[in-house]
Amino acid sequence: MHPASLAAAGTPRQPSKRRIPVSQSGMADPHQLFDDTSSAQSQGYGAQRGPSSLGYPAASTSPQAAFLDDPVSNMAMAYGSSLAAQGKELVDKNIDRFIPITKLKYYFAVDTLYVGKKLGLLFFPYLHQDWEVQYQQDTPVAPRFDVNAPDLYIPAMAFITYVLVAGLALGTQDRFSPDLLGLQASSALAWLTLEVLAILLSLYLVTVNTDLTTIDLVAFLGYKYVGMIGGVLMGLLFGKTGYYLVLGWCCVSIFVFMIRSLRLKILAEAAAEGVPVRGARNQLRMYLTMAVAAAQPLLMYWLTFHLVR
């Protein structure tokens, strides 16, 4: 046997040593089953909370509370509130300048009793005697306290109802279309606008000193829609005969109503008291009143005759 082989056989074999890598800083113990997060939590929470005087962790202050405690923020909020209040006041003034909200509230101050009396006055003006508008401290009383006062509730509701009735009449004749209904409504509004502008121009040319406002004119001219609704409804129920009978009655009624209502505002005080009208200016005022009253039956027929066949 070779001596080298004998030497190798007689020497015991040493086990090989495995090199275990040195654990880096921050790495967990390889024999540990779970990671230790207590130090991370303590570091995270320690930045947010600090020990108070009693030994308990002090609660952190919220950003909202810190913002409100800042005097500069309080001044900014107060300044912003004042700017908002000034802007609201400025908007209210401009709106009231172009759209008199406070005056419109007066024309819508109605109740059920007033509406009933006013509708009766529109259909039967011959039975009414006192047409004077009541005043309280140089201001007219609300319409719900005086049936002679003009309002916008009845004209507005009558106009909407007229458009609906017109759509019903067109539907019964198989002629309904949104375009035709819109044309009907826009035509009625256009004629009302032309009436108001023509009356205002005539009052300016005749130099009439009157308390008749533009809203009063819209209210008085809008009352004709009540008679138009009655005529169209009777035409749908009873044909042409019912239409002409009811519309004729309503035309005469609105003519009398307009004469007795507007003469106290357009004519002179002497004419309002029953004294015979004399003078060229009073003659013009009388003719203007009659022209406004006579235009109502013509427009009532013009806006409704094509709805009944």
Side-chain angles (χ1 to χ4, degrees), residues 107 115 117-128 131 133 143 147-166 169 184-203 205-206 208 210 212-235 240 242-267 271-272 284-308:
Y107 291 94
V115 173
K117 289 183 178 180
K118 195 72 171 187
L119 292 178
L121 181 61
L122 292 174
F123 285 106
F124 304 98
Y126 326 101
L127 306 178
H128 193 62
W131 293 84
V133 177
V147 71
N148 296 323
D151 71 284
L152 287 177
Y153 176 80
I154 293 179
M157 294 297 104
F159 176 79
I160 297 174
T161 307
Y162 160 73
V163 175
L164 296 177
V165 171
Q184 191 73 25
S186 60
S187 298
L189 284 177
W191 280 109
L192 180 64
T193 305
L194 288 177
E195 281 186 281
V196 173
L197 293 178
I199 295 174
L200 291 177
L201 180 61
S202 301
L203 292 175
L205 295 177
V206 181
V208 177
T210 177
L212 189 66
T213 63
T214 304
I215 304 179
D216 292 337
L217 288 176
V218 174
F220 284 119
L221 299 176
Y223 287 134
K224 63 175 172 286
Y225 295 117
V226 177
M228 293 162 57
I229 295 170
V232 175
L233 287 178
M234 291 299 103
K240 285 284 188 178
Y243 166 75
Y244 283 114
L245 287 177
V246 175
L247 187 68
W249 176 272
C250 293
C251 288
V252 176
S253 298
I254 197 66
F255 179 81
V256 175
F257 173 82
M258 295 294 288
I259 287 290
R260 294 185 177 181
S261 297
L262 295 180
R263 71 184 182 92
L264 300 178
K265 294 182 175 295
I266 296 180
L267 295 180
L284 291 176
R285 293 174 180 176
M286 183 184 65
Y287 294 151
L288 177 60
T289 304
M290 297 186 64
V292 173
Q296 305 310 303
L298 297 178
L299 289 174
M300 291 172 65
Y301 176 76
W302 176 257
L303 294 173
T304 56
F305 78 97
H306 59 281
L307 297 176
V308 179

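Computed from a predicted structure; not experimentally measured. The residues of the chain are indexed from 1 along the displayed sequence.
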Spacing of [X] atom [atom1] and [Y] atom [atom2] [to the nearest 0.5 Å]:
| X | Y | atom1 | atom2 | result |
| --- | --- | --- | --- | --- |
| Leu122 | His128 | CG | NE2 | 11.0 Å |
| His306 | Gln184 | NE2 | CD | 3.5 Å |
| Lys118 | Asn148 | NZ | CG | 6.5 Å |
| Leu192 | Ser187 | CG | OG | 12.5 Å |
| Leu127 | Leu121 | CG | CG | 9.5 Å |
| Thr213 | Asp216 | OG1 | CG | 3.0 Å |

Minimum heavy-atom separation for [X] to [Y], with atom names?
| X | Y | result |
| --- | --- | --- |
| Leu303 | Tyr162 | O-OH, 2.9 Å |
| Leu247 | Gly227 | CD1-O, 4.1 Å |
| Pro125 | Arg260 | O-NH1, 3.2 Å |
| Ala185 | Val163 | CB-CG2, 3.9 Å |
| Pro143 | Ala149 | CA-CB, 3.9 Å |
| Phe159 | Ala188 | CE1-CB, 3.7 Å |

Checking [X] side chain against [Y] main chain: does a donor-acceptor pair fall under 3.5 Å?
| X | Y | value |
| --- | --- | --- |
| Ser253 | Phe124 | no |
| Arg285 | Leu203 | no |
| Asp151 | Ile154 | yes |
| Lys224 | Leu221 | yes |

Over 60° means perpendicular and under 30° means parallel, so classify the ring planes of Trp249 and Tyr126, tilted if in between.
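Tyr126 and Trp249: perpendicular rings.
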Other residues, nucleotides and ligands only: do more than 12 of their heavy atoms fall within 6.0 Å of OH on Tyr153?
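Result for OH/Tyr153: open.
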Counting only heavy atoms not in Lys117, do more than 12 fall under 6.0 Å of its NZ?
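Counting other residues, nucleotides and ligands, NZ of Lys117 stays at 12 neighbours or fewer.
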Within the 3.5 Å criterion, strictly below it, is a donor on Thr304 or Tyr243 matched to an acceptor on the partner's side chain?
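Yes.
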So among Leu264, Ile266, Leu284, which one has a side chain to side chain contact (heavy atoms under 4.5 Å, CB included) with Thr289?
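Going through Leu264, Ile266, Leu284 one by one, the side chain to side chain contact (heavy atoms under 4.5 Å, CB included) with Thr289 is satisfied by Ile266 alone.
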Criterion side chain to side chain contact (heavy atoms under 4.5 Å, CB included) against Ser202, the qualifying member of Leu197, Leu288, Val292:
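Answer after filtering Leu197, Leu288, Val292: Leu288.
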Do [X] and [Y] come within less than 4.5 Å of each other through their side chains, counting heavy atoms only?
| X | Y | result |
| --- | --- | --- |
| Tyr107 | Val218 | no |
| Met258 | Phe220 | yes |
| Trp131 | Ser261 | yes |

Could you go through Met286 and Arg263, starting from their C-alpha distance and side-chain angles, then the distance that decides it, and tell me whether this counts as side chain to side chain contact (heavy atoms under 4.5 Å, CB included)?
CA-CA 8 Å; Met286 183 184 65; Arg263 71 184 182 92; over 6 Å; no
Could you walk me through whether Glu195 and Leu299 pass side chain to side chain contact (heavy atoms under 4.5 Å, CB included), step by step?
CA-CA 10 Å; Glu195 281 186 281; Leu299 289 174; 3.1 Å; yes
List the steps, then state whether side chain to side chain contact (heavy atoms under 4.5 Å, CB included) holds for Gln296 with Cys251.
CA-CA 7 Å; Gln296 305 310 303; Cys251 288; over 6 Å; no
